[in-house]
Amino acid sequence: NVLKRQADWIGRSEGAFVDFTIVGSDFLITDSAAEDDEGQASRKAEYIRVFTTRIDTIYGANAVVVAAEHPVVVRHINELSNDVLEKIQQIRSEKMNPSDHETEAVKDGVDTGLRALNPFSGEELPVWIGNYVMMEYGTGAVMSVPGHDERDLDFAKKFGLPIKEVIVQSAGFSSSQGEQAEAGTLNGAFTDHGILINSEEWSGKTSEAAKSEMAAYAEEHGFGKVAITFRLRDWGISRQRFWGSPIPIVYCDKCGTVPEKYPNLPVRLPESAPFTGTGESPLAKVPSFVETACPNCDGPARRETDTMDTFVDSSWYFFRYTDPENPEIPFETEKAAYWTPVDQYVGGDDHAVMHLIYTRFWTKVMRDLGLVKFDEPVTRLLTQGMVVGETFFDDTTGKRIYAKPEDVTVERDAKGKVTAARGVDGRPLKWAIERMSKSKGNGVDPDEMIDIYGADAARLFVLFAAPVENELVWQESGIEGAVRFLQRVWRMVWKWNTALAGDRGGERPGEEKGKARDLRRKTHQTIHRIEQSLESLQFNTPVAALMELANSIQDLGVVPDKASSDELYAVREALTSLVLMLTPFSPHSAEELFSVLSGKEEGILASGARFPAYDARIAAADEIEIPVQVNGKLRSRISVPPDIANEQLEALALADEKVREYTAEKEVIKVVVVPKRLVSVVIKG
């Protein structure tokens with residue numbers, strides 16, 4: 001998801017620029033893309049340059065649609081009617097004050113009255129202003145091809161513009177294809193590549209072939225060229241704030257804009273500045289900061305009073321951490337090389353196209369400067385999921401009006417799923433699972449949860465309820481389950497504490513067998529499982545493993561005062577391991593329980609306790625179960641030692657009574673042994 005959002009934000013598109021000449025215009029435009037041999041830009045009749053990734057559809061264009069701020073609109077502003085001017089102002093205002101960013105705006109626009117020539121067909125096309133065209137993206141202008149673009153089709157249907165199909169499926173097309181369609185009659189745009197029709201000399205060619213040929217033709221005839229564009233734009237890093245990194249630029253009436261010289265760095269902020277709320281930086285009101293000498297001529301000059309956006313600092317601060325006291329350079333390359341790139345980054349995917357993309361950009365700049373020797377700042381990213389909850393709302397007016405939880409009557413099925421909901425006035429409400437927010441009324445006060453259930457239970461539930469990268473649907477009943485588990489562990493420790501008191505720290509007595517051996521095996525299997533889960537940043541599966549270990553302790557089935565020395569040792573090891581491994585999830589409870597088990601008043605770390613040590617020998621099973629297939633069908637299961645040789649495993653499988661029912665008096669063609677996993681017998685007939 002993050003990779004896709006970054007790719008979309010960068011927005012690399014391969015296509016072509018195409019110039020549509022304005023009909024009847026006296027304006028001449030400087031064309032920096034067409035320079036002569038002496039590097040002088042040429043002048044040509046006024047045109048609108050569009051960028052398109054589908055030049056193969058250009059014969060299907062029905063209009064040129066531009067942004068409300070496009071230069072052609074500005075140049076002809078005095079020629080436009082009042083109705084057009086009013087619509088332009090409306091579109092500009094709506095862009096300045098967008099509504100719900102999650103809702104796509106309804107397509108809107110207006111015909112300017114201007115006309116532009118399609119350079120391929122020679123057809124005059126109307127020039128429209130469209131609210132879906134942004135000046136910041138591409139060239140601020142697009143060619144509208146409704147037969148092959150869903151957005152353009154919606155626009156054409158709304159305003160009754162003609163629709164023409166010029167691309168059809170490669171497998172052929174029906175007699176209706178390629179004809180002019182009435183606005184509103186086409187069900188959907190054909191957006192795939194295919195075969196060109198109604199495209200003069202390019203008819204019959206594939207889209208792939210036509211795109212390269214048509215772009216070359218446009219370049220050869222001076223009205224276009226092959227191009228690659230990006231949605232990404234320059235990053236404006238200055239902010240009108242007092243707290244921020246000063247921008248080391250000085251303005252001199254004689255020398256112009258001058259960078260501060262190195263011996264004068266760093267530029268330091270003054271101790272205070274007046275906050276007026278007038279828009280400019282507070283630093284502009286501090287003469288001792290603003291007034292300075294020009295680094296070039298030593299004459300009077302003014303400092304830049306904007307400061308850098310905080311995103312600048314957050315893009316590289318972790319590199320500075322590797323060498324924080326260095327007064328000369330950001331950091332020594334060797335020190336940064338020891339610690340970076342960062343092994344693991346944890347953060348929300350809401351940073352995908354802001355902080356995360358900025359830090360990638362900054363790292364590449366430092367690479368080009370020779371400060372680092374790698375391309376990417378982070379080797380592994382984990383985006384944690386959001387906590388979400390139930391919302392109830394009425395959207396009959398076209399806008400969602402959320403109801404407070406206390407004002408909603410909810411009906412649920414046996415699994416707790418909502419089946420019906422009504423407001424205080426009895427009217428039915430809709431419901432959804434959405435990100436928690438105050439406006440939606442589905443937030444939960446953590447202080448209230450801690451007061452009721454305790455911090456440990458709330459923490460345990462959040463970690464257990466879902467994988468860290470998934471959304472967590474908040475359900476208060478889940479905390480109650482976490483409370484019950486912690487209470488169970490608490491009772492278990494106190495139940496065994498007296499029996500274990502006299503045997504603390506003793507050597508393991510003898511060789512375990514039976515249930516004591518089973519419990520020790522389960523303990524070490526759990527240690528290994530939790531180690532692996534924590535290494536991979538999975539926190540819900542360790543909690544499940546701890547619950548299973550608690551079940552195994554209970555399944556021992558003996559009372560403490562009648563337990564054998566083997567059983568006491570196994571229980572002490574299991575309980576101590578359980579408490580220590582519970583520490584990352586419920587630290588307060590774990591501290592108390594460890595004090596009970598160890599008899600030490602100091603905490604876990606102060607006492608020198610560490611995460612339990614895994615012993616593969618103890619974790620190994622005494623026997624493993626191997627399935628046996630005959631001609632691909634499961635016929636039996638056999639229990640064998642885990643280190644059994646393949647030859648012995650094959651012999652035991654063939655000797656098994658259930659297997660012999662299918663192999664008796666049959667020719668065994670071959671036996672395939674997958675060590676510790678499977679025996680497959682192939683028979684004839």
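From a predicted model like this one, the values you see are computed outputs, not experimental measurements.
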Q. For the atom pair CG (Asp350) and CZ (Arg5), what is the distance rounded to the nearest 0.5 Å?
A. 7.5 Å

Q. CD/Glu591 to CZ/Phe594 distance, rounded to the nearest 0.5 angstrom?
A. 8.5 Å

Q | Charged tip of Arg635 within 45° of Tyr662 ring normal and under 6.0 Å | A | yes

Q) So, is the end of the Arg231 side chain (NZ or CZ) under 6.0 Å from the ring centre of Trp9 and within 45° of the ring's axis? A) yes

Going by an N to O cut-off under 4.0 Å, is there a salt bridge joining [X] and [Y]?
X	Y	result
Glu548	Arg529	yes
Arg427	Asp394	yes
Lys364	Asp368	no

Parallel, tilted or perpendicular: which describes the rings of [X] and [Y], with under 30° parallel and over 60° perpendicular?
X	Y	result
Phe461	Trp474	perpendicular
Tyr317	Tyr321	perpendicular
Phe585	Phe539	perpendicular
Tyr614	His528	parallel

Quick one: do the [X] and [Y] side chains pair a donor with an acceptor below 3.5 Å?
X	Y	result
Asn497	Arg572	no
Ser639	Glu625	no
Asp413	Thr419	no
Thr541	Ser533	yes

**Q.** Passing option when Asp518 is tested against Lys515, Arg520, Arg521 for salt bridge (Lys or Arg N to Asp or Glu O under 4.0 Å)
**A.** Arg521

Q. Would a distance-only check, ignoring hydrogens and angles, find a side-chain to backbone donor-acceptor pair under 3.5 Å from Ser586 to Leu582?
A. no

